[in-house]
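What you see is a predicted model; the values in this text were computed from it and never measured. Chain letters run A, B, ... following the sequence lines, proteins first and then strands; every chain starts at 1.
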Amino acid sequence: MNFEKFNPTLIDKKWQKYWVKNKTFKSSKVKDKPKYYCLEMFPYPSGKIHMGHVRNYTLGDVIANYKRLKGFNVLHPMGWDSFGMPAENAAIQKKLHPKDWTLENIKTMKTQLKLLGFSIDWDREISTCNDNYYTHQQKFFLDLFKKGLVYKKESLVNWDPVDNTVLANEQVIDGKGWRSGAHVIQKKLSQWFFKITAFADELDTSLNLLNEWPEKVKIMQKNWIGKSIGCELIFKVKGNSKTITVFTTRPDTIFGASFIALAVDHPISNEYNNNTEFLNFKRNCYKTGNTDEAIAKTEKLGFKTDYEVNHPFIKNKTLPVFFSNFVLMDYGTGAIFGCPAHDQRDLDFARKYKLDVIPVILPRDQVEQKYQIDDEAFTGSGTIINSDFLNNLNIDDGKSKIIEEIEKNKIGKSKTTYRLRDWGISRQRYWGCPIPIMYNQKGEVIPVSEKNLPVKLPDDVDFSIPGNPLDKNTNWKNIKCEKTGELLTRETDTLDTFVDSSWYFLRFCSSDNKKHGFLDEDVKYWMPVDQYIGGVEHAILHLLYSRFFTRAITKGTKFEIDEPFKGLFTQGMVCHKTFKNQDGEWVLPEDVIEENGKFLDKKNNQKVSIGPSESMSKSKKNVVDPQTVINLYGADAVRWFMLSDSPPERDIQWSNDGISGSYKFIQKIWAISEMIQSIDKKYKLNKSEIYSIKKSINKLIKEITYNVENFHFNVAVARFYEFINYLSKMLHENKAEIVLFKKIFKDFLILIYPFTPHIASECWEKNYGHPDISIAKWPYYDEKFIREEKINLVIQINGKKRSLLQTETDQNEDLIFRKCLELESVKKSIIDKNIIKKIYVKNKLVNIVVK
RNA sequence: GCCCUCGUGGUGGAAUUGGUAGACACAAAGGACUUAAAAUCCUUGCCGCUUGCGGAGUGCCGGUUCGAGUCCGGCCGAGGGCACCA
């Protein structure tokens, strides 16, 4: 049979136009249906969309389409994270205004996203660089200011010397800036901070409620917040009135203490400012560097002080006091007591300086008299020994008891500490949200009043001089107070762009409201985001900030929201082989041709070597431009490829074979659609053929529903292949009845519509006319058709497969065993042997145990 | 050093609660159709012997079980995270 091929260039455009005209994907303002909020991380408008975007938005689009067919009122919006550094870099390099560059990129990328047929409600589009977005952000800033959650402090900051700006702790990766990659230095500056630490405990404990988040992300956040429960304990220095306060999470091991270790910048260190030996030691500690790996491999070193402290619970026992390179001033109190038997670092240290190692926790399988510590500290659970009134308690009871004693004796108190630091939000940049603050001549802080918002970014800026252009724009910077006429200056720092992305999901709920960032009634209906999809690279930064900011700005409103994202899915990256020419330069895949197993650069016929497959990146040139592929194969083939083979959470390998395979499949659907229209009307199927066909579609409905619900899109794809292969076979054998085939094909089209909406819409229109498929209902399956009439029962002897037995379903045990024993292979296997046991798993298998 | 995740054919991967390992796809080989090619369709896909059958088999070693890719213990390897966090 010859049919005209499916022409994606024409058909894609046709349906994309139709969807725009009919506002197919507009979320309803009438809140009478159950809602579903599906959101993918919004893009930074860097120029063109890349394959990572395509994968991210395809995954989200399947969910959005599926939920719509399931009868939900779906919110599936899109916006632009449009403030940020690259715009300024472009301004400097290409002499373009950041605004023009950004708006141009948004235009391009929006067009490209539309080419993929994503079911986005474009009426809710937002852009963070637009003042109708950031005016609300400035209001939130002032709101947090009033709530005492914003403050300014002079502090050592992480200074990125390339970006010329401040970075938050978590934006420093391996001592380098997260964006520039430059070595970060410490600089003293007056900076604005959000008090995220006020929410440390809530952000930690609430993680337990996020049962639709990947465990991995929750663990990363937990580690970042770094909650530790313990107590402070005051040691009296022997022979004078000084005290040293330590923090410990293991107060139960106090009877095993054999030394005190201080951070080298502990206040006591000031007494050693004239001691060259100490100053050398201190310098060496700093030299080790602050990357974790460097420090981990460093030998544990100490500098012995002249001080000794009294043990708080053992009379006449004193402990030596050291400065050490493994205690940090910014955690706890900058001082610890060392219990070598039960902490590896303390043990390493004790062995080096020949200090006592007294075991105080006895493992379950050990005898107290014989128990000793060699070169490995014991950190497991056990019973307390050698510890006076704590003896025989377990660790937890020991902790409670000793804290009780400490508090009774007024030598300390129970305490919880966090690793989390406040979020520094000042950036010395132009292209960001202005901080709505002014200063008078005395340098006092004056918040901009709400009626004067937004504080708009000035357009006239000069990038020819290094540094922050806002600082040099005196027209903008210097203003007069309306009331007093006093001269004021504006804050010239702008907000970290992570602030912009910390509430955009709220803005989408009320995107057209000019007066408010969001309306309570909208947020009440739409929030939380039911499914959030994005890269794992935001596991800490964006996701933690959003959890904090949402809490902070909704605190005290009618609808307090704690968790913004109910479900989180982190997708894998798109990878591609890398190519290098003989000069070691990267070569674009599109320039590489294969000839007799050799790879050549088609520009100059030079040999090209193939490197490992890595995440697509511009710097390695291993990129494939989505636009090129869409032009060649159409949107559905690209979407299909993104969903095939690899599970969404894992990396996917881009390949030409893969995309052309997807294209063939799209053509196959089309061919089947055409064949169904020309089925021989005289042919009648027999009863078992009808049953088999009904079974195949019912099974498909069940499988697709299950696999879409569980994000197993690659498995869903495999089930579609099976079904289409089956249909194709029946049609080729002319085993087809028009009414039945039209009916099951209709269900099939609904099932595949979320994956490949263009061809599904076109086939639907050709076979079934209007109304269009986007308003169809997701089909239900009937168990009675899924049930097999006959099954192949697995027959095992001693757990090994020996035979298959075809029987009717739900047979009783006795009958099955009788039939089993008649099988030749079974007879052969049990000859001369005794049957010890017979196992029957209904409709699955029989296992005969013989000896 | 610590924490987390993952190890299944030539490749990507499937196996929903412990029950036929390798679905589906890609690649490869052979075949059909064709003057030929492309496209399409079919078969094969670890080891042994001729079909059929038998054997090994999910990183390695051991355990639990009638039965383990799946559960438990120990190792090895890869990837990701980290802050020596007391």
Engineer: For nucleotides B:rG48 and B:rG57, find the distance between their C1' atoms and express it as a whole number of Å.
Structural biologist: 15 Å
Engineer: Measuring only the P atom in each nucleotide, how far is B:rG10 from B:rC6? A whole number of Å is fine.
Structural biologist: 23 Å
Engineer: Within this structure, what is the NE2-to-P distance between A:H538 and B:rG81, rounded to whole angstrom?
Structural biologist: 14 Å
Engineer: My understanding is that only residues two or more places apart in sequence, or in another chain, count here; which of them pass salt bridge (charged side-chain N to carboxylate O under 4.0 Å, His left out) with A:R547?
Structural biologist: A:E563
Engineer: Taking B:rC41 as the reference, what is the distance to B:rC33 when you measure between their C1' atoms (whole Å, please)?
Structural biologist: 9 Å
Engineer: NA contact type, A:L643, heavy-atom cut-off 4.0 Å: base, sugar-phosphate, or nothing?
Structural biologist: nothing
Engineer: Between A:K837 and B:rC66, is there a side-chain N or O to OP1/OP2 distance below 4.0 Å?
Structural biologist: yes
Engineer: Taking the C1' atom in each of B:rC4 and B:rA25, what is the distance between them to the nearest angstrom?
Structural biologist: 31 Å
Engineer: Rounded to whole Å, how long is the line connecting atom CG of A:L207 with atom C1' of B:rC4?
Structural biologist: 15 Å
Engineer: Determine the Euclidean distance between corresponding P atoms of B:rG77 and B:rA21; express it in Å to zero decimal places.
Structural biologist: 31 Å
Engineer: Does the Lys NZ or Arg CZ of A:K838 fall within the cation-pi geometry relative to A:F817 - under 6.0 Å from the ring centre and within 45° of the axis?
Structural biologist: yes
Engineer: May I have all residue pairs that pass side-chain hydrogen bond (donor to acceptor under 3.5 Å, both in side chains) and include part of residues 335-344 of chain A, sequence neighbours excluded?
Structural biologist: A:D343-A:R345, A:Q344-A:D348
Engineer: With P as the reference atom in both, quote the distance from B:rG69 to B:rG59 in angstrom, rounded to an integer.
Structural biologist: 10 Å
Engineer: Measure CG/A:N798 against C1'/B:rU65 and give the value in whole Å, please.
Structural biologist: 13 Å
Engineer: Could you state the CH2-P distance from A:W224 to B:rG80, rounded to the nearest angstrom?
Structural biologist: 18 Å
Engineer: Report which part of the nucleic acid A:V327 touches: base, sugar-phosphate, or nothing (heavy-atom distance under 4.0 Å, all strands).
Structural biologist: base
Engineer: Identify whether the glycosidic angle of B:rG9 places it syn (within 90° of 0) or anti.
Structural biologist: syn
Engineer: Which residues satisfy the ring-ring contact (aromatic ring centres under 6.0 Å, His included) test with A:F711, sequence neighbours excluded?
Structural biologist: A:F569, A:F713
Engineer: Answer with base, sugar-phosphate or nothing: what part of the nucleic acid does A:K800 contact at a heavy-atom distance below 4.0 Å?
Structural biologist: sugar-phosphate
Engineer: May I ask you to say what A:S644 touches in the nucleic acid, namely base, sugar-phosphate or nothing, with a heavy-atom cut-off under 4.0 Å?
Structural biologist: nothing
Engineer: Between P on B:rC26 and CH2 on A:W640, what's the gap in Å once rounded to a whole number?
Structural biologist: 12 Å
Engineer: What is the distance, rounded to the nearest whole Å, between atom CD of A:Q667 and atom C1' of B:rC41?
Structural biologist: 17 Å
Engineer: I need the single residue from A:W654, A:F665, A:F755 that forms a ring pair (Phe, Tyr, Trp, His ring centres under 6.0 Å) with A:F641. Which is it?
Structural biologist: A:W654
Engineer: Can you tell me how far the OG1 atom of A:T253 sits from the CD1 atom of A:I395, to the nearest 0.5 Å?
Structural biologist: 9.0 Å
Engineer: Judged by each residue's nearest nucleotide on RNA chain B, which is more toward the 5′ side, A:I225 or A:E215?
Structural biologist: A:E215
Engineer: Please list, chain by chain and in numerical order, all residues satisfying salt bridge (charged side-chain N to carboxylate O under 4.0 Å, His left out) with A:K620, sequence neighbours excluded.
Structural biologist: A:E614
Engineer: I'd like a table of atom pairs between the protein and nucleotides 37-40 of chain B - only N or O on both sides, under 3.5 Å - with the distance next to each one.
Structural biologist:
none

Engineer: In whole angstrom, give the distance that lies between atom CG of A:L544 and atom P of B:rC82.
Structural biologist: 13 Å
Engineer: Taking atom P of B:rC6 as reference, at what distance in whole Å does atom CD1 of A:I219 sit?
Structural biologist: 11 Å
Engineer: Distance between the C1' atoms of B:rC84 and B:rU70, in whole angstroms?
Structural biologist: 37 Å
Engineer: For A:H542, enumerate each residue passing the ring-ring contact (aromatic ring centres under 6.0 Å, His included) test, keeping only those at least two apart in sequence or located in another chain.
Structural biologist: A:Y532, A:H538
Engineer: So A:G658, base contact, sugar-phosphate only, or nothing? Heavy-atom distance under 4.0 Å.
Structural biologist: nothing
Engineer: Got a donor-acceptor contact below 3.5 angstrom from the A:T705 side chain to the A:I701 backbone?
Structural biologist: yes
Engineer: Assign A:R250 to base, sugar-phosphate, or nothing according to its heavy-atom contacts below 4.0 angstrom with the strands shown.
Structural biologist: sugar-phosphate
Engineer: Which residues pass the ring-ring contact (aromatic ring centres under 6.0 Å, His included) test with A:F323, sequence neighbours left out?
Structural biologist: A:Y272, A:F278
Engineer: Quote, to the nearest angstrom, the P distance that separates B:rU64 from B:rU11.
Structural biologist: 34 Å
Engineer: Each nucleotide in nucleotides 14-20 of chain B should get exactly one letter: B, S or -. Can you fill that in based on protein heavy atoms under 4.0 Å?
Structural biologist: S-B--BB
Engineer: Return the 5'-most residue of the pair A:Q653, A:T333 with respect to RNA chain B, ranking by each residue's nearest nucleotide.
Structural biologist: A:Q653
Engineer: Counting side-chain heavy atoms from C-beta on, which of B:rG55, B:rC66, B:rC84 comes nearest to A:V849?
Structural biologist: B:rC66
Engineer: Let me check something: any side-chain donor-acceptor pairs from residues 225-235 of chain A under 3.5 Å, sequence neighbours excluded? List them with distances.
Structural biologist:
residue: A:K227; atom: NZ; partner: A:D201; partner atom: OD1; Å: 2.6
residue: A:S228; atom: OG; partner: A:Y331; partner atom: OH; Å: 2.2
residue: A:S228; atom: OG; partner: A:T417; partner atom: OG1; Å: 3.2
residue: A:E232; atom: OE2; partner: A:K415; partner atom: NZ; Å: 2.8

Engineer: Can a donor-acceptor pair be found between the side chains of A:T578 and A:N622 at a distance below 3.5 Å?
Structural biologist: no
Engineer: What residue pairs, at least two apart or across chains, pass salt bridge (Lys or Arg N to Asp or Glu O under 4.0 Å) with a residue in residues 662-672 of chain A?
Structural biologist: none
Engineer: Looking at residues at least two apart in the chain, or sitting in another chain, which of them share a ring-ring contact (aromatic ring centres under 6.0 Å, His included) with A:Y663?
Structural biologist: A:Y633
Engineer: A:E722 side chain: which of B:rC85, B:rC26, B:rC24 is closest?
Structural biologist: B:rC24
Engineer: Once pairs are restricted to Watson-Crick or G-U wobble with both distances under 3.5 Å, how does RNA chain B read as a dot-bracket string, [ ] for crossings and | for other-strand pairs?
Structural biologist: (((((((..(((......[....))).(((((.......))))).((((..))))...(((((..]....))))))))))))....
